[in-house]
Engineer: 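Take this structure, written in structure tokens, and hold onto it; I'll ask about it next.
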Amino acid sequence: MPNLTMTRQASDNVYFHRDFHCALNAALEYLRVNFGVAAARDYLGRFAAAYHAPLQAELRRRGLAALREYFENIYRLEGGQVRISGDDAELLIEVERCPAVEHIRRQGGLPSALYADTTRIVNETICRDTPFAFELRDYDPLTGASRQRFYRRQP
């Protein structure tokens, strides 16, 4: 029987990284238990600064439109129920149910007590050194539902 070879690239696959959220959740708990809350939060900030550097650059260049596109795409790909509204000065994101929190629970896990920081710290870090700021207005630890606001800082 002849050998068959299939050539694939990562871009050929449907976007799917839900298990990343389980791994991140486990890392937060490990860091919290073994090194403390500050270490876990420091890790999130460092990760966000490195991973989201291109998004931060786009935010500086294009303003809140860059964030809007990013979040619309991510929530569409992950199947989140979300409403996004706003303009050049303010972007509001209302998450009815967080696909990451749902996936962690479906896998039998419990979201870390610090899981809200994956929203708060990551988004604050994205806004660092830009004309914009972030606030997490509300967060439900059971569902990950949240109300988030990005806004232009006052000069």
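What you see is a predicted model, and the numbers here were worked out from it, not measured in a lab.
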Engineer: Same hydrophobic cluster for Ile74 and Phe47, using side-chain heavy-atom links shorter than 4.5 Å among ILVMFWY?
Structural biologist: yes
Engineer: May I ask you to check whether Phe134 and Phe150 place their ring centers less than 6.0 Å from one another?
Structural biologist: yes
Engineer: Do Tyr139 and Leu92 belong to the same hydrophobic cluster, where Ile, Leu, Val, Met, Phe, Trp and Tyr are linked whenever their side-chain heavy atoms lie under 4.5 Å apart, directly or via other members?
Structural biologist: no
Engineer: Let's go through Arg41 and Leu114 carefully: what are the C-alpha distance in whole Å and the side-chain angles of both, what is the deciding distance for side-chain contact (heavy atoms from CB on, under 4.5 Å) to 0.1 Å, and is it a yes or a no?
Structural biologist: CA-CA 8 Å; Arg41 289 180 171 153; Leu114 300 178; 3.7 Å; yes
Engineer: Can the ring centroids of His52 and Tyr70 be said to lie less than 6.0 angstrom from one another?
Structural biologist: yes
Engineer: Roughly how far apart are Tyr30 OH and Ser112 OG, rounded to 0.5 Å?
Structural biologist: 14.5 Å
Engineer: Verify, without hydrogens or angle tests, whether Asn73 (side chain) and Glu69 (backbone) share a donor-acceptor contact under 3.5 angstrom.
Structural biologist: no
Engineer: Answer yes if the side chains of Glu78 and His103 hold a donor-acceptor pair under 3.5 Å, and no otherwise.
Structural biologist: no
Engineer: Please say whether more than 12 non-hydrogen atoms of neighbouring residues, nucleotides or ligands are located less than 6.0 Å from CZ in Arg46.
Structural biologist: no
Engineer: So how far is it from Arg137 CZ to Ile93 CD1, rounded to the nearest 0.5 Å?
Structural biologist: 12.0 Å
Engineer: Heavy atoms only: give me the nearest Gly144-Val95 pair and the separation to one decimal.
Structural biologist: O-CG1, 4.1 Å
Engineer: Just checking, Arg149 and Tyr151: is the charged tip under 6.0 Å from the six-membered ring centre and within 45° of the axis?
Structural biologist: yes
Engineer: For Glu124, is there an ion pair with Arg128 - N to carboxylate O distance below 4.0 angstrom?
Structural biologist: no
Engineer: Between the side chain of Arg62 and the main-chain N/O of Ala57, is any donor-acceptor distance below 3.5 Å?
Structural biologist: no
Engineer: Taking the basic N atoms (NZ, or NE/NH1/NH2) and the acidic carboxylate oxygens, is any pair closer than 4.0 Å for Arg105 and Glu102?
Structural biologist: no
Engineer: Please report the interatomic distance CG(Leu110) to CD1(Ile104), rounded to the nearest 0.5 Å.
Structural biologist: 9.5 Å
Engineer: Would you say Asp117's side chain and Arg120's backbone share a donor-acceptor pair under 3.5 angstrom?
Structural biologist: no
Engineer: Heavy-atom count check: over 12 atoms from other residues, nucleotides or ligands less than 6.0 Å from Asn34 CG?
Structural biologist: yes
Engineer: Can you tell me if Thr143 uses its side chain to pair, donor with acceptor, with the backbone of Ala145 under 3.5 Å?
Structural biologist: yes
Engineer: Yes or no on side-chain contact (heavy atoms from CB on, under 4.5 Å) for Leu55 and Leu67, after CA distance, side-chain angles and deciding distance?
Structural biologist: CA-CA 8 Å; Leu55 178 59; Leu67 286 181; 3.9 Å; yes
Engineer: Mind listing the closest non-hydrogen atom pair of Cys127 and Arg153 along with its distance?
Structural biologist: O-NH2, 3.3 Å
Engineer: Can you name the nearest heavy-atom pair linking Ile126 to Leu59, along with the distance?
Structural biologist: O-CD2, 3.9 Å
Engineer: Counting distance only, does the side-chain N/O of Asp88 pair as donor-acceptor with the main-chain N or O of Gly63 below 3.5 Å?
Structural biologist: no
Engineer: Taking the basic N atoms (NZ, or NE/NH1/NH2) and the acidic carboxylate oxygens, is any pair closer than 4.0 Å for Glu96 and Arg83?
Structural biologist: yes
Engineer: Nearest 0.5 Å, please: how far is CD in Gln81 from SG in Cys98?
Structural biologist: 11.5 Å
Engineer: Tell me the closest heavy-atom pair linking Gln56 and Thr125, and the distance in Å.
Structural biologist: NE2-O, 3.2 Å
Engineer: Would you give the length of the straight line joining atom CD of Glu29 to atom CG of Leu24, rounded to the nearest 0.5 angstrom?
Structural biologist: 11.0 Å
Engineer: For a quick test of reading the model, state the closest non-hydrogen atom pair linking Pro141 to Pro111 and the distance between them.
Structural biologist: O-CG, 4.3 Å
Engineer: What heavy-atom pair brings Asp129 and Arg60 nearest, and what distance separates the two atoms?
Structural biologist: O-NE, 3.0 Å
Engineer: Kindly compute the distance separating OH (Tyr51) from CG (Leu44), expressed to the nearest 0.5 Å.
Structural biologist: 14.0 Å
Engineer: Take Val82 and Phe71 through the test side-chain contact (heavy atoms from CB on, under 4.5 Å) and record every step on the way to the result.
Structural biologist: CA-CA 9 Å; Val82 64; Phe71 284 111; over 6 Å; no
Engineer: Assess whether a salt bridge exists between Glu72 and Arg68, defined as any Lys/Arg side-chain N lying under 4.0 Å from an Asp/Glu carboxylate O.
Structural biologist: yes
